[in-house]
Amino acid sequence: MRNLLVAGLLLFLTACGHIPLTTLIKLNSFDVLTTAPEELRVAVKYPDNIRIPKDGARMRLTLKEKSGGKMLMKKELTFEKVTSPAEKAELASELQTGWRIGIFRLPRRQVPVFEAFQTHLVSMSKAERDTMEGSLDISVDGCLVSSGKPGRIVVSTYLKAPELGGYVPLVRNADLEEMMAAEGLTDEAPLKDCT
């Protein structure tokens, strides 16, 4: 299985170039230091012939020194799938024939890990934080149900946080192979067959 989504939000510097301008404006109100992790949601719109396995959606929180790039902290969190009809209804207008939407959240056992990351950052002075750069990266693994690679694998991704007022698109109708090439993953197949 390979990444279905490789989209990063640089929390202290700049946002990913794939992110729509209207989303960039809304992301100005997103603050990793104060956001409520239990209310974070990530959604992926993907072709119907792809499946996302259990534990296939993950978040990575990192903190590095700006000078030298020394890794100071790295936390890997696994999302769980949301099955609530009310939550799915929020993205109903995005759903089309031949597509699926998966919504993911942090399970309760992972919320304290995110909160510990926030507490660590809040305990630093602004001067200390200014010497670091952090990122919040989200990845989703998937596999093809039918054999044979389709011509293009197109995905859209969304983020929801209390301060964003609902779901905002991070990436719309992006070609998976182009995103992987941008991340330097040209030697990897985008998706394998589900087994």
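Values below: every heavy atom of this structure, side chains too, minus hydrogens, waters and symmetry copies.
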Heavy atoms only: give me the nearest [X]-[Y] pair and the separation to one decimal.
X	Y	answer
A36	P162	CB-CG, 4.1 Å
P37	E115	CG-CG, 3.8 Å
H120	L63	CD2-CD2, 4.2 Å
V82	R105	CG2-CG, 3.8 Å
F104	K81	CD2-CA, 3.8 Å
G102	Y46	N-CE2, 3.7 Å

Could you check if a side-chain atom of K45 sits within less than 4.5 angstrom of a side-chain atom of Q96, using non-hydrogen atoms only?
yes
Run the numbers on M124 and M132 for side-chain contact (heavy atoms from CB on, under 4.5 Å), then give the verdict.
CA-CA 11 Å; M124 295 179 186; M132 302 170 196; 3.6 Å; yes
Audit row: R58, D137, salt bridge (charged side-chain N to carboxylate O under 4.0 Å, His left out) steps and yes/no:
CA-CA 8 Å; R58 291 171 308 284; D137 299 303; over 6 Å; no
Show every donor-acceptor pair shorter than 3.5 Å between a side-chain atom in residues 68-78 and any protein atom, with sequence neighbours excluded, or say none if there are none.
none

Between E87 and R41, is there a side-chain N and carboxylate O pair less than 4.0 Å apart?
yes
Decide, yes or no, whether a salt bridge links K66 with D130 under the criterion of side-chain N to carboxylate O below 4.0 Å.
no
For the pair [X] (side chain) and [Y] (backbone), establish whether a donor and an acceptor sit closer than 3.5 Å, ignoring hydrogens and angles.
X	Y	answer
T157	V171	yes
S29	E163	yes
T131	E128	yes

Step-by-step side-chain contact (heavy atoms from CB on, under 4.5 Å) determination, F114 to E38:
CA-CA 9 Å; F114 192 100; E38 66 277 2; over 6 Å; no
Count I, L, V, M, F, W, Y as connected when their side-chain heavy atoms are under 4.5 Å apart, and connections chain through other members. Are [X] and [Y] then in the same cluster?
X	Y	value
Y167	I138	no
L61	V42	yes
L170	L91	no
M59	L33	yes
I52	I101	no

Sequence neighbours excluded, the answer for side chain to side chain contact (heavy atoms under 4.5 Å, CB included) partners of K54 is none
Taken in chain and number order and not counting sequence neighbours, the residues that satisfy side chain to side chain contact (heavy atoms under 4.5 Å, CB included) with V154 are W99, R152, N173
Take I50 and V145 through the side-chain contact (heavy atoms from CB on, under 4.5 Å) test and state the conclusion after the steps.
CA-CA 6 Å; I50 292 175; V145 174; over 6 Å; no
Using the side chain to side chain donor-acceptor pair (under 3.5 Å) criterion, which residues pair with [X]? Sequence neighbours excluded.
X	value
E94	Y158, R172
E90	K160
D55	none

Between F30 and L40, is a side-chain contact (heavy atoms from CB on, under 4.5 Å) present by the stated rule, with each step listed?
CA-CA 11 Å; F30 180 75; L40 283 175; 3.8 Å; yes
Find the distance between CD (E133) and OG1 (T62) and round it off to the nearest 0.5 Å.
8.0 Å
